[in-house]
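Report on one structure; see the data block that follows.
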Number of protein chains: 2
Amino acid sequence: MSTGGEVGGPRWHQVMTELAGQIGAGGFRPGERLPVEAELAARFGVNRLTVRQALAELARAGAIRTVHGRGSFVAERPYRFRVRATAPSIVAQMREGAHTVTQELVAHAVVERSDLPEPVTLPDARLLRLDTVMAVDGEPWSRDTTWLSAERFAGVPSVWTPQTSLTGLLAGAYGITTRRSWRRHSAEPASAADAAALGIALGTPLLVLTGANSDGDGEPLTQTHRRTRGDRIEYEIDLDPDPDV
Amino acid sequence: MSTGGEVGGPRWHQVMTELAGQIGAGGFRPGERLPVEAELAARFGVNRLTVRQALAELARAGAIRTVHGRGSFVAERPYRFRVRATAPSIVAQMREGAHTVTQELVAHAVVERSDLPEPVTLPDARLLRLDTVMAVDGEPWSRDTTWLSAERFAGVPSVWTPQTSLTGLLAGAYGITTRRSWRRHSAEPASAADAAALGIALGTPLLVLTGANSDGDGEPLTQTHRRTRGDRIEYEIDLDPDPDV
DNA sequence: TAGTGGTCTAGACCACCGG
DNA sequence: CGGTGGTCTAGACCACTAT
């Protein structure tokens, strides 16, 4: 610093890069609380709102996490979980990696087929809709909605536990082998509901997956809408036929 | 309004949903300029900063586009381009749909292999790096970086035009058929450079693709890093073996 | 109850755009 | 040049968290 060079850019941007640099250099440890906003404002010689804009950008980028009434904390694991998009069960993949995965069932209802997002691939008119929140190693990770036949799978909600994997449940209780059918990926800002459920700032980028799975015969079985923290996931799509497997 | 119902939530959120409703209901046409911030502030009876927070959220969601010195405009096409992730050339796909696609070469350089993002699949030590900005129907759409052998393809920059498709160029001038090899998808907030190149607000969600293509024999040929506006793209991944093809 | 972040205001000045 | 959004300040009060 004090190289005499042009500093340039808005003050909040300078504050942001300065803080990001200190975090990256280990000046603040993962999980550690940053100084309070008023303290940062005094330290940088700027108004508190200027500090807040810098912190907001850091939060969107996943470098810190800000909690109302408690403070801003350096992100625990700057880690992006890599998931194979071509496999049907994400839960199974993660548990292979010795991670704790839970899926809390926050709501379920029987809905009409018009409730499904495009493209609609399920044949049933009445569908069971499961709204769940997935957490990895205790940290909220994605907000998921799954639709499946209300008639065939009416008993699913009553046997659901946070340890349930839908793919595993269908295999165990119904003898159905699930296969992936199609996937679509896009990116959206977190809505107020997303932010509340995932403990992130409003507007944080989410990776949005919509997709469907079919049974062993290729018949449509489930349809899914998953909203995952963008800073915590990376979908991997292997297209080359691998001759070693 | 004045239904007597609970309004709830912060004022900026109310302003946001009110404006979003008017846009959705056709109160403002696509491309139309919104009233200036001071006018909106007066109309809603709030401070200009409160209006600005509402507009910032609408911009992140892609509903409006704000331009310094000119104003905020309702998004032209609330349209998400659907792209098959399993095909090698996105440019070809879009032109099939009768869309105008240009790729401006903004920079090119010869770099070391360490410049490549993980996982590194190209064998060459010295690589040609192409930085381009893709526009669809005149609107900036993605920021791309492509690496390929500096030795074999040294002539590429000198023949590049905005109409060039790299896949087409390799086929035409080098007789090479390109195949997709692997892809990774994640989501990130737009950096300052992204925002400037794509004409979007800082922090807007981007769909980030990293991937590689190989030649007909499966030999690694190119590696790509593409940052696309999240509100303008949807990657489609077909996994079911299609018996008709 | 004290400390923290979240919201809002009033006012000022700067940077960019177009005629 | 006038009009627009972008930044910054000083100060106030509210909502949430922990003790």
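Chain naming here is simple, since letters A, B, ... match the order of the sequence lines and numbering starts at 1 in each.
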First and last nucleotide of DNA chain C, 5' to 3', lying under 4.0 Å from heavy atoms of chain B: dT7(C) to dG18(C)

Residue whose nearest DNA chain D nucleotide is more 5′ - Pro10(A) or Arg70(A): Pro10(A)

Side-chain heavy atoms of His108(A) within contact of Val156(A), under 4.5 Å: no

Donor-acceptor contact present, side-chain Asp137(B) to main-chain Thr100(B), <3.5 Å: yes

Nearest-Å distance for atom pair NE2/P, residues His13(B) and dA15(D): 17 Å

Touch class at under 4.0 angstrom, heavy-atom based, for Arg11(B) against every strand present: sugar-phosphate

d(CZ, Arg65(A); P, dC16(D)) in whole Å: 16 Å

First encountered from the 5' end of DNA chain D, between Leu34(B) and Leu49(B): Leu34(B)

Pairs where residues 40-61 of chain B contributes a residue and the test salt bridge (Lys or Arg N to Asp or Glu O under 4.0 Å) is met, not counting sequence neighbours: Glu37(B)-Arg48(B), Glu37(B)-Arg52(B), Glu39(B)-Arg43(B), Glu57(B)-Arg60(B)

Pairs meeting criterion salt bridge (Lys or Arg N to Asp or Glu O under 4.0 Å) with involvement of residues 93-104 of chain B, two or more places apart: none

Flag side-chain contact, heavy atom, 4.5 Å: Leu128(A) against Pro157(A): yes

Close side-chain approach of Leu49(B) to Leu49(A), heavy-atom, < 4.5 Å: yes

